[in-house]
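I have placed the structure first, in the form of structure tokens, so that the comments after it can refer back to it.
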Amino acid sequence: MTLEQQISTLAKEAVKALYGIEAADAQIQLQKTRPEFEGNITLVVFPFVKAARKAPAQVAAEIGEKLMADGSGLIARFNAVQGFLNLVIDDGFWVKQLQAIDADANYGRLPNRDQLMMVEYSSPNTNKPLHLGHVRNNLLGFSIAQIQEANGWQVVKTNIVNDRGIHICKSMLAWLKFGNGETPESSGKKGDHLIGDYYVRFDKEYKKQIAELMADGKDEETAKREAPLMLEAQEMLRRWEANDPEVRDLWTKMNNWVYAGFDETYRRMGVSFDKIYYESNTYLEGKSEVEKGLASGQFYRREDGSVWADLTKDGLDEKLLLRSDGTSVYMTQDIGTAKLRFQDYPIDKMVYVVGNEQEYHFKVLSILLDRLGFPFGKELVHFSYGMVELPNGKMKSREGTVVDADDLMDKMVADAREISKDKVNTLQGITPQEADEIARKVGLGALKYFILKVDPRKNMLFNPAESIDFNGNTGPFIQYTYARIQSVLRKADTANLSPLASSLDPKELALIQRLCEYPSVVRTAGDDFSPAVICNYAYSLACDFNSFYHDLSILNEPDAQKKALRLLLSANVAKVLKSAFALLGIEMPERM
RNA sequence: GGUCCGGUAGCUCAGCUGGAUAGAGCAACAGCCUUCUAAGCUGUGGGUCUCGGGUUCGAAUCCCGACCGGAUCACCA
């Protein structure tokens, strides 16, 4: 039973005995005592003032006396300030908490709930490399998966790769026309970047043709429609749909280049998937699902042959599901993907990590899946996150303001390495490989924390002109705290510790109390789908430790019992920091 | 125009299921390394929580209205 639960029970009994009222759970308001007052936990007594018909301070004092009498030593003393009853919990309680935390190797992990959650994230197009927006998506998706796993879900991480469509045809066409057989091997370029270059090349040549046609007197719309390159790309898409072997072979070859590039980026980012779906395999399933819905009267066909869902009863519009030429749209594909997933896994909850610009799409998808009989449809979660903006607004590939994922990671690791150069004292005697590892972990830690600490729902700003910090409320600050503890532990003889001290310094107590919060933080992060909650907690814990570390000596503490307690405390702070960072997908360096 | 989301220090962000004097970091300034890692610690300055109403013992937090910013409302994905 947690401290809150114990106090809550005691408080209810006290209020009943004193004032004869049955307090509801919502009326028992407990909060952490503010640092300017003495105490660990505070009961807000305003809810009982009316029934007591006494001044708030007097009510607080009366409840305090009662809790002292009934609490069997749990509460050492109390003070009442207005309607706030500040309770000082006995040191012995905290020491026992620390021992319990130490004994639990999986501290923070909540009981299994035997239910399966599928988390879809990343979901790239195969025509260009990953950029900063994808980075936010991938980091959030991976972290959410870790957090939900810690909340007891069985989690399947999945990715739906948008591998077909006009966009990839554009890259293919440009490569055929202008590529001279260039390959990742021959050019030394990562496959995704190579394909991205040809996508840009297509756009450039296409614009040139439009300009030429307009110079010949065509209006812009006509020029766009009649540009030979566009006609060729569309023809290529038709050949792809018709399974033309030549087009299919090229498509396979070029997509594989992209996948090799993506895999490298994913590996570097530290994200992974349990199951990958490809749109080229799911869109036909979607069509057949729509046909079924049509047969059962869920959907209807218009005169031109297009198929629609009428969502006006749900307060939405009518939504196109199949074009008049019978081809599928985005929604059709997501329906097909959902069907395959449901065949493959007993999904209890489906989570889509997709930007907030697609909220309407997922609102519609939820309704459609529900109508088609998917049990998770109605309750699907669109984990809708905000955009990453630059000082001048959104990233635009046309304006060359896209922040490339690989470049950004390179820069972060290089910055970390640069900073490490000054650390000759702490990093002496390490091999170049170890130095590389530290720079990698710290650089990526800075990037990941920078992104994950922001409330996912909000748009966030990235300024390429300013480098991401390594000081203050950052990933490296927390990694540093961890490395510092490891350094102390390496020097300590932890083999046979003496019994623990039974009284606590305030800094020790604050740290233990903070450690006790961890499981509820994990729960909140899971309920709210918020890695930022974990970031905030890890930061607070690191701050508390650094304050403790600054004020109190660990290894040089003469009192063996105090030393033992501080070592145990330090080890468990490190354990929780590492655990919290694992939920964020951030690795801890043993030294830095 | 309809719907949704946001507006907190110069900047980037916490805090939002109502609680005590609204917090961090960055930037600026001033201190602390012969002592467990100074990527650290301590201090100073910095606020009309966009504005106006309402609800109540109490509002940055909840409700209503305005203003500002963003997203979305395709036979694109």
Side-chain angles (χ1 to χ4, degrees), chain A residues 26 29 31 33-34 36-37 42 44-47 49-50 56 81-84 86 123 125 162 165-167 279 302 304-308 315-317 319-331 333-334 355-361 363-364 384 386-387 389 391 393-394 416 419-420 422-423 425-427 442 445-446 450 453-455 457-463 466 468-481 483-492 527 532-533 535-536 539-540 542-543 545-547 549-557 566-567 570 591-592:
Chain A
Q29 294 177 37
Q31 54 186 308
T33 305
R34 299 190 67 121
E36 58 265 35
F37 302 103
T42 295
V44 183
V45 304
F46 285 108
V49 165
K50 217 168 194 172
V81 182
Q82 299 163 46
F84 299 91
N86 302 318
S123 307
N125 290 345
N162 183 8
I166 192 74
H167 52 84
E279 202 183 284
R302 287 189 184 168
D304 63 3
S306 58
V307 177
W308 297 75
L316 302 173
D317 273 334
K319 188 77 188 173
L320 176 81
L321 297 176
L322 288 176
R323 296 191 187 95
S324 49
D325 65 0
T327 57
S328 64
V329 293
Y330 182 36
M331 191 62 72
Q333 293 148 15
D334 261 354
N356 59 13
E357 71 225 331
Q358 294 190 28
E359 272 169 13
Y360 183 74
H361 173 80
K363 207 177 278 183
V364 172
S384 164
M387 300 289 100
E389 291 172 337
K394 287 179 77 168
I419 293 168
S420 297
D422 302 333
K423 308 282 158 190
N425 291 328
T426 55
L427 294 180
V442 173
F450 173 78
K453 79 171 174 180
V454 180
D455 182 343
R457 296 188 318 255
K458 293 185 177 175
N459 288 354
M460 62 177 290
L461 185 94
F462 174 80
N463 187 348
E466 294 170 11
I468 292 175
D469 269 314
F470 287 76
N471 298 316
N473 185 359
T474 65
F477 167 84
I478 295 162
Q479 290 173 318
Y480 175 78
T481 306
R484 214 179 201 188
I485 296 172
Q486 294 311 311
S487 174
V488 171
L489 295 178
R490 274 193 297 273
K491 290 174 182 166
D527 290 348
V533 168
C535 289
N536 289 338
Y539 179 63
S540 302
C543 285
F545 180 82
N546 283 324
S547 173
Y549 180 89
H550 182 263
D551 289 6
L552 304 173
S553 182
I554 302 168
L555 295 175
N556 299 325
E557 169 57 47
R566 288 174 192 171
L567 280 170
S570 300
R591 60 182 75 206
M592 65 187 275

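Worth knowing before you read on, the calculation uses all heavy atoms, side chains too, and leaves out hydrogens, waters and symmetry mates. First the proteins, then the strands, lettered A, B, ... as listed; each starts at 1.
- Residues forming a ring-ring contact (aromatic ring centres under 6.0 Å, His included) with A/F450 (at least two apart in sequence, or on another chain): none.
- Here the closest heavy-atom approach between residue A/S328 and residue A/Q333 is recorded as OG-NE2, 3.6 Å.
- A/E557 CD to A/R566 CZ: the interatomic distance, rounded to the nearest 0.5 Å, is 4.5 Å.
- Taking atom CE of residue A/M592 and atom C1' of nucleotide B/rA38, one finds them 12 Å apart after rounding to whole Å.
- A donor-acceptor contact under 3.5 Å is formed by the side chain of A/N86 with the base of B/rA20.
- For A/R457, a side-chain nitrogen or oxygen approaches OP1 or OP2 of B/rG6 to under 4.0 Å.
- Atoms NE2 (A/H361) and C1' (B/rA77) sit 9 Å apart, rounded to a whole Å.
- With centres under 5.5 Å and a plane angle under 30°, the ring of A/F84 is stacked against the base of B/rA20.
- Closest approach of A/G472 and A/Y539 over heavy atoms only: O-CE1, 4.1 Å.
- For the salt bridge (Lys or Arg N to Asp or Glu O under 4.0 Å) test, no residue two or more places apart in sequence or in another chain qualifies with A/E466.
- Shown here, B/rC33 is classed syn by the O4'-C1'-N9-C4 or O4'-C1'-N1-C2 angle, which is within 90° of 0.
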Next item on the list: Begin from the C-alpha positions of A/L316 and A/Y360 and carry the test side-chain contact (heavy atoms from CB on, under 4.5 Å) through to its verdict.
Entry: CA-CA 9 Å; A/L316 302 173; A/Y360 183 74; 3.8 Å; yes
Which pairs, protein N/O on one side and nucleotides 21-24 of chain B N/O on the other, fall under 3.5 Å?
| unit_1 | atom_1 | unit_2 | atom_2 | d |
| --- | --- | --- | --- | --- |
| B/rG23 | OP1 | A/R34 | NH2 | 3.3 |
| B/rA24 | O2' | A/Y539 | OH | 2.8 |

With the criterion being N/O to N/O and under 3.5 Å, what pairs connect the protein with nucleotides 30-36 of chain B, and how long is each?
| unit_1 | atom_1 | unit_2 | atom_2 | d |
| --- | --- | --- | --- | --- |
| B/rC36 | O3' | A/K491 | NZ | 3.1 |
| B/rC36 | O2 | A/I554 | N | 3.3 |
| B/rC36 | O2 | A/L555 | N | 2.8 |
| B/rC36 | N3 | A/I554 | N | 3.0 |
| B/rC36 | N4 | A/Y549 | O | 2.5 |
| B/rC36 | N4 | A/L552 | O | 2.5 |

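- In this structure A/F470 satisfies the ring-ring contact (aromatic ring centres under 6.0 Å, His included) test with no other residue, sequence neighbours excluded.
- Applying the salt bridge (Lys or Arg N to Asp or Glu O under 4.0 Å) rule to A/R34 yields the partners A/E36; only residues at least two apart in sequence or on another chain are considered.
- Scanning for ring-ring contact (aromatic ring centres under 6.0 Å, His included) contacts around A/H167 gives an empty result, with sequence neighbours left out.
- Nucleotide B/rC11 holds its C1' atom 11 Å from the CG atom of A/D469, rounded to whole Å.
- Rounding to the nearest 0.5 Å places NZ of A/K319 at 4.5 Å from CE of A/M331.
- Residue A/N356 places no side-chain N or O under 4.0 Å from the OP1 or OP2 atom of B/rU72.
- Spacing between atom CZ of A/R302 and atom P of B/rA74 amounts to 12 Å, rounded to whole angstrom units.
- Counting non-hydrogen atoms under 4.0 angstrom, A/F477 reaches the backbone sugars and phosphates but no base.
- Comparing B/rG6 with B/rU17, their P atoms are spaced 13 Å from each other, to the whole Å.
- Residue contacts shown for A/S420 include a base, since a base heavy atom lies under 4.0 Å away.
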Check: For nucleotides 12-18 of chain B, read 5' to 3', which letter fits each nucleotide if B means a protein heavy atom sits under 4.0 Å from the base, S means only the sugar-phosphate is that close, and - means neither?
Finding: SSS-B--
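- Atom P of nucleotide B/rC73 and atom OH of A/Y330 are separated by 11 Å, given to the nearest angstrom.
- Across all strands shown, A/Q358 has heavy atoms under 4.0 Å from base atoms, whether or not it also approaches the sugar-phosphate.
- With both ends at atom P, the span from B/rC29 to B/rU72 equals 43 Å, rounded to whole Å.
- For A/D551, the salt bridge (Lys or Arg N to Asp or Glu O under 4.0 Å) criterion is met by A/K507, not counting sequence neighbours.
- A/T327 comes within contact range of no nucleotide atom at all, as no heavy-atom separation falls under 4.0 Å.
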Next item on the list: For A/S570 and A/I554, run side-chain contact (heavy atoms from CB on, under 4.5 Å): C-alpha distance rounded to whole Å, both residues' side-chain angles, the deciding distance at 0.1 Å, then the answer.
Entry: CA-CA 9 Å; A/S570 300; A/I554 302 168; 3.5 Å; yes
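- The distance from atom CG of A/N473 to atom SG of A/C535, rounded to the nearest 0.5 Å, is 8.0 Å.
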Write down the protein N/O and nucleotide N/O pairs, taken from nucleotides 1-4 of chain B, whose separation is under 3.5 Å; answer none if there are no such pairs.
| unit_1 | atom_1 | unit_2 | atom_2 | d |
| --- | --- | --- | --- | --- |
| B/rC4 | O2' | A/E359 | OE1 | 3.3 |

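- In this structure, A/V442 reaches the bases: a heavy-atom distance under 4.0 Å links it to at least one base atom across the strands shown.
- The same atom, C1', is picked in B/rA66 and in B/rA30; the two are 45 Å apart, to the nearest Å.
- Of the P atoms belonging to B/rU37 and B/rA60, the separation is 45 Å, rounded to the nearest Å.
- Checked against ring-ring contact (aromatic ring centres under 6.0 Å, His included), A/F46 has the following partners two or more places apart in sequence or in another chain: A/F84.
- Between B/rG40 and B/rA24, the two C1' atoms lie 16 Å apart (nearest whole Å).
- Atoms CG and CZ, on A/N356 and A/R457 in that order, are 11.0 Å from each other to the nearest 0.5 Å.
- Across B/rA14 and B/rA22, the matching C1' atoms stand 11 Å from one another, rounded to whole Å.
- Contacts of A/E279 with the nucleic acid, taken as non-hydrogen atoms under 4.0 Å apart, involve only primed sugar atoms and P, OP1 or OP2.
- A donor-acceptor contact closer than 3.5 angstrom links the side chains of A/R323 and A/T327.
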Notebook entry, point to check: Can you list the steps and then say if A/R484 with A/S487 is a side-chain contact (heavy atoms from CB on, under 4.5 Å)?
Noted result: CA-CA 5 Å; A/R484 214 179 201 188; A/S487 174; 5.7 Å; no
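- When the P atom of B/rC41 is taken as reference, atom CD1 of A/I478 falls 11 Å away, rounded to whole Å.
- Residue A/A483 comes nearest to A/R591 through the heavy atom pair CB-CA, 3.8 Å, listed as atom of the first residue, atom of the second, then distance.
- When base pairs are accepted only as Watson-Crick or G-U wobble with both N-N or N-O distances under 3.5 Å, RNA chain B takes part in stems of 3 or more pairs at B:1-7 with B:67-73, B:10-13 with B:23-26, B:28-32 with B:40-44, B:50-54 with B:62-66.
- Here, B/rC5 and B/rU44 have their P atoms 40 Å apart, quoted to the whole Å.
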Checklist line | Trace of the side-chain contact (heavy atoms from CB on, under 4.5 Å) decision for A/V442 with A/Y480 | finding: CA-CA 9 Å; A/V442 173; A/Y480 175 78; over 6 Å; no
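- A straight line from OH of A/Y360 to P of B/rG70 spans 23 Å, rounded to a whole angstrom.
- Nucleotides B/rC26 and B/rC64 have their P atoms positioned 39 Å apart, rounded to a whole Å.
- A/L316 places its CG atom 12 Å from the C1' atom of B/rU72, with the value rounded to the nearest Å.
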